[in-house]
Every structure is written in structure tokens, then in C-alpha cells.
Amino acid sequence: MLDPKFIRENPDVVKDACRKKRIDVDVDRLVALDGEMRDIRRKLETLKAEQNARSKQMPSLSAEGKAALRAELKVLSDQVSEGQNALKALEPELEGLLLRVPNIPAPEVPDGKDDTENVELRKVGTPRVFEFTPKDHVELGTSLDLLDTERAAKIAGSRSYFLKNEGALLELAVLRFALDHMVASGFTPMIVPHIVNEDAMRGTAYLPGGEEQAYQLTRDDGWLIGTSEVPVTAYHSGEILNASQLPIRMAGWSSCYRREAGTYGKDTRGIYRIHQFMKVEQVILCRNDAEESRKYHAEILGHAETILQKLELPYRVVNVCGGDLGRPQVQKFDVETWMPSRNGYGETHSASRFHDFQARRLGLRYRDENGDVKFCHTLNNTVIASPRILIPLLENHQNADGSVTIPECLRPYMNGRTKIGPKG
RNA sequence: GGAGAGGUGGCAGAGUGGUCGAAUGCGGCGGUUUGCUAAACCGUUGUACUGGGGUAAACCCGGUACCGGGGGUUCGAAUCCCCCCCUCUCCGCCA
């Protein structure tokens, strides 16, 4: 959410943001409505002030005086409730508009309509040239008995999977490797609730707008998280932190649940796009300062890159264009890892900064050295998401004999094993 | 799932219809005292919105709202009524 005052004073900046992000919000209506409500509120305050002042006389009056005053105040009281009703009638529309206004994208966000117009910033590592016909991760997973999507479909429907044997162990290994890297980098590891309330979903700006992508509990109130960003970012919601606590670095570990509505027929093979996966997510809460945000954005991007380098995987970093940016982000860098079966790079990480967009919704604040209360800035990025990361891991590290070499950094987490070979 | 208790300021904890944004204690901040520290004493200390003064800052003076959330009664609600959420205790069930 943006500061209503900012919207009021900079309607053109907001309209530009809508254009750049291809998001349709009636900014003029919002400003008009805001003005109307402010007028009503001002009148209402005057009425309430009078009401309060005169009510104070009540205890000192005689019985007759009380009766007379009571009759007078009844008139005032009716006017007050009239104004309150008028406000209440307008509130839902204003709130709806306010929640839908997008954050202002940074100037360095490229123009563009969708992910085809994202701008590549750098490539790291060279895609491997195979001297044999490489298998894709489904063939590898099946022949090595690491993965079973057919039986998963039987009991859980499409976009499901079982990980087996070294496949299961490899997932835990890569997650734990990633988490350990973050802990060593000063992040607090967090295992989080997977079911959260609507406040957390709205606060992190997944709602409204993301209803189609998130699983909602119907018998009970609650939503299944699509990422631990939700509970981790909301962890300090409603609090006023001390500036000396910032930045707060947290690494959330959770399963993630996504409906993938509207993606029928897209990425159906294998474990690229699935309903449930495991992810370690990095979140930073920092001061309300654009430069500081930028600095930590680079930091969290760096953590992801370091991890991919240690996993010996080629990747590229793209600057996500306006049309592919979400409503809440100021800027987003995607990291895409080389996947031989796609003969291309596939998104494995997404690093965003939000300025105070989420913090404002969450009531996430801090008191600075001058005693001023300010909204924090929030940022987040994937550390590792599995099993998607198993795709490049298996495919890039496969050998001619059908085995897969375990990259060195994961071996301590795989009981020292160097290879995954055929069974039996 | 059943029965009961409770949710008040950073924390603890009073307050059962008006003079309560809210006693008191702790903590925080400023000061006095002190060779230094501690102690003691004095003062100060919520958030948001809003009107005015001031240089759009600092700051000053007013107003409104907020005592888990929402609704109701009333001239007036932290206080009474209804609904919801959360926490705790006991019982049941289960890992």
C-alpha cells in the first residue's frame, strides 16, 4: 500500500506506475473519494468536539438541566451518526482502490509488457556441451528411481510428485546446504506456520489479487502459504522495532503451496511447475531508505548467486520489466538457471524489494534515533526452491553412463557420496 | 469437542457509565546528587489522523480516534449487551 497522502500529492506518478506495470486502477476516482471522505471526517470531528465538550457539563447539572441538555445533545448525536454512516458507506470502495494501487517501480526498471522483455544483466557459467545425448530430469529421475510422478498423479492429481531414494535425500541436502549458507551469512533460520490468516496474506500483498493462486481453507479460516515470505515478513507486524535491531535478516524454511490456476498445459512435464515444493527464503527488514534497500537487494541477490556457483550451475540474472513486475515490487531481479532439457534458462530465484509497501500494510515499523516512527523496508529472495532446482542439478551433472555426479558442496549432506548411480 | 478464566500503554497491573488516553510500579529518556559506578531524588515518556502558528524542518498550541476485532444500547462506553478472534486452566480425543 502506498501512503494515501503520497497518492493525493502525486497522482501522476501513481498513474505512470500503473501504466508501466500494466495495472488498471482508477487513480482519479481514488483521489476524489479520498478528498470527499476527508471533508466528511473534518466536519465530523467538529461535531464530535462539540458533543464531547457539552457532554462534560452533564454531571454538574440539575435533573432538569440534564434532561434539557440530553435533548439538545440528541440532535448532535444524530448528526454524528449520520456522518459516520456516510463514511462507512464510502470506506469499502476506498480501501479496495488503495489495496490495488501498485507500488512505484524504480527508474531502472525496464519498460516492457511481459517476461519476454526482461533485460539480461549477466550470464555466469557456461552451459555444458554434452558429448552424448543428455537425458532430461524425468528420464534421469525414473531410471535412477529418484522420482515418480505417475503414481503421484494417481493419489494426488497432476503437478504432484514423489521423491525417492537419493532424490529425497538430495532435496534435503540442497535445502540444508542453502540454509547453512544463510545462517553463516547472519540470517536467523525460521521454521514457520504453513497456514496463515488473511491479515498476513493481505499484509504481504498476496491478497487481494492472488486469490486464484493460493489454497484457501474452507472449513476453517486460513490460507496455505505460497512462500515463507508471508509468515516471515509478517513476523514483526504490528510492532515498533528499535532502529538498532535493523537490519533483521531471516531465512524461512517451508513447504509452499500454489494452485497454478490458469497454467493448464504449461510446463506439464516433470517437476518444473508443481503444487507443492520446499523453499528456503531470505527476508530482510531494513530502514526506510531507498539506498539501503538497494544495498540489501544486492546482498540477497548475491547469496543466491553464490549458492548456484557452489552448486556448479550456470545461470543468468535478469532485470524484470514493468509489465512482469508484481503490484508490490519496486524492482525485481530473477535468477534463471540453465536447464538442458529446456535448452534454456528457467527461473529458480526471484529477488524483490518493496520499500514500505508491505510494511505499511503490516504495520511493521521502527523508531529511529530521533524518536521518529517509520515504516520499515522489506526485501526477499529465494535461497533455494526444490524440487525445481533438482532439474538443473540432475541434468547438468549427469554422466554418459546415466549416473549423476553430486557437486562437492552437497557431499557432506549426502554422507560423502560423490555419485548417484543406477540401482542394483 | 466440553467446562471455566482472561485479553488495558514497551512490560506488569488498577480501573464496572461522564471530570479516563487511562492510577500505580518497572523499563526508557532528560536532569540533580556523586571522584567514577550504583543508589536516591526531580521531571518526562503511546500511536494515527487532523486544524492553526512557525521556513514544507525542528518545535509550539488545539481537535478527533484508538483499552483484542466488529456491531449494539446511551446525550455519553475501557466500563453494559451481542457476535467473532486469541491466550490460559481443567476434561475428552490424538500425535
Side-chain angles (χ1 to χ4, degrees), chain A residues 1-10 13 30-31 33-92 94-99 191-203 207 216-223 231 234-246 248 285 288-289 356-376:
Chain A
M1 196 161 72
L2 291 177
D3 186 352
K5 197 153 127 199
F6 176 85
I7 301 174
R8 194 184 307 146
E9 289 167 359
N10 305 277
V13 176
L30 171 52
V31 171
L33 193 59
D34 178 54
E36 189 181 343
M37 290 180 67
R38 282 159 50 78
D39 284 345
I40 296 174
R41 205 166 283 132
R42 219 170 295 131
K43 283 176 196 150
L44 204 51
E45 275 187 18
T46 313
L47 283 176
K48 291 285 287 185
E50 190 184 343
Q51 188 181 34
N52 288 343
R54 306 197 60 190
S55 286
K56 275 189 184 149
Q57 308 165 349
M58 188 69 81
S60 60
L61 293 178
S62 64
E64 306 85 71
K66 277 182 180 165
L69 184 56
R70 196 174 300 141
E72 277 177 58
L73 285 174
K74 175 69 177 154
V75 179
L76 257 183
S77 172
D78 288 344
Q79 287 176 328
V80 166
S81 51
E82 199 178 306
Q84 281 169 338
N85 288 337
L87 271 186
K88 232 177 273 176
L90 296 176
E91 242 158 38
L94 183 75
E95 190 182 303
L97 285 166
L98 232 33
L99 284 174
I191 290 174
V192 305
H194 292 29
I195 300 171
V196 300
N197 61 29
E198 192 154 322
D199 285 345
M201 292 293 282
R202 287 164 76 92
L207 297 178
Q216 180 176 19
L217 272 52
T218 52
R219 264 181 71 142
D220 305 285
D221 286 332
W223 296 77
Y235 184 72
H236 287 292
S237 61
E239 300 181 19
I240 299 180
L241 302 165
N242 199 300
S244 61
Q245 296 173 259
L246 302 175
I248 294 179
L285 316 178
N288 194 304
D289 179 283
D356 62 9
F357 194 85
Q358 292 181 316
R360 192 175 290 279
R361 293 172 171 228
L362 288 166
L364 173 51
R365 296 176 294 177
Y366 69 98
R367 197 183 303 277
D368 71 12
E369 288 73 7
N370 300 323
D372 294 331
V373 175
K374 291 179 174 160
F375 287 105
C376 297

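Just so you know, these numbers come straight off a predicted model, no measurement behind them. To find a chain, count down the sequence lines: A is the first, B the second, and so on, and within it residues start at 1.
At a threshold of 4.0 angstrom between heavy atoms, the contacts of A:Arg54 with the nucleic acid are absent. Contacts of A:Val75 with the nucleic acid, taken as non-hydrogen atoms under 4.0 Å apart, are absent.
No salt bridge links A:Arg38 with A:Glu45; every basic N to acidic carboxylate O contact stays at or beyond 4.0 Å. Using a 4.0 Å cut-off between charged side-chain N and carboxylate O, A:Arg202 and A:Asp199 make no salt bridge.
With C1' as the reference atom, B:G76 and B:C84 are 26 Å apart, rounded to whole Å. Of the P atoms belonging to B:A58 and B:G51, the separation is 16 Å, rounded to the nearest Å.
Pair assignment for B:U79: none, as no Watson-Crick or G-U wobble contacts are both less than 3.5 Å. Partner assigned to B:C94 is none, using Watson-Crick or G-U wobble distances below 3.5 angstrom. The partner of B:U24 is B:A12, by the rule that a Watson-Crick or G-U pair needs both atom distances under 3.5 Å. B:A39: no Watson-Crick or G-U partner with both key distances under 3.5 Å is found in any strand. Base-pair partner of B:A58: not found among the strands shown (Watson-Crick or G-U wobble, both distances under 3.5 Å). Under the Watson-Crick or G-U wobble criterion, with both distances below 3.5 Å, B:A48 is paired with B:U64. Across all strands shown, B:U87 pairs with B:A5; the Watson-Crick or G-U wobble distances both stay below 3.5 Å.
Within the 4.5 Å cutoff, side-chain heavy atoms of A:Asp78 are placed close to those of A:Lys74. Contact annotation: the side chain of A:Leu87 approaches that of A:Arg41 to within less than 4.5 Å [non-hydrogen atoms, C-beta and beyond]. Proximity of A:Asp221 to A:Glu198: side-chain heavy atoms (C-beta onward) are nowhere separated by under 4.5 Å. Contact annotation: the side chain of A:Arg365 never approaches that of A:Leu241 to less than 4.5 Å [non-hydrogen atoms, C-beta and beyond].
One finds no side-chain N or O of A:Lys48 lying less than 4.0 angstrom from the OP1 or OP2 phosphate oxygen of B:G63. Distances shorter than 4.0 Å separate some side-chain N or O of A:Asn52 from OP1 or OP2 on B:U64. The side chain of A:Arg367 contributes no N or O atom lying less than 4.0 Å from OP1 or OP2 of B:G28.
Side-chain proximity of A:Ala49 to the nucleotides B:G63, B:G72, B:C75 is greatest for B:G63. Of the listed nucleotides (B:G72, B:G46, B:G76), B:G76 has the atom at the smallest distance from the side chain of A:Ser77. Listed candidates were B:C75, B:G71, B:U50. Nearest to the side chain of A:Arg8 is B:U50.
Checking side-chain atoms of A:Ser237 against main-chain N and O of A:Ala234 turns up a donor-acceptor pair under 3.5 Å. Checked by atom type and distance alone, the side chain of A:Asp356 never pairs as donor or acceptor with a backbone atom of A:Cys376 at under 3.5 Å.
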Dump the pairs, protein N or O against N or O of nucleotides 6-10 of chain B, anything under 3.5 Å, distances to one decimal.
none

What are the atom names and distances for every N/O pair under 3.5 Å that joins the protein to nucleotides 51-62 of chain B?
none

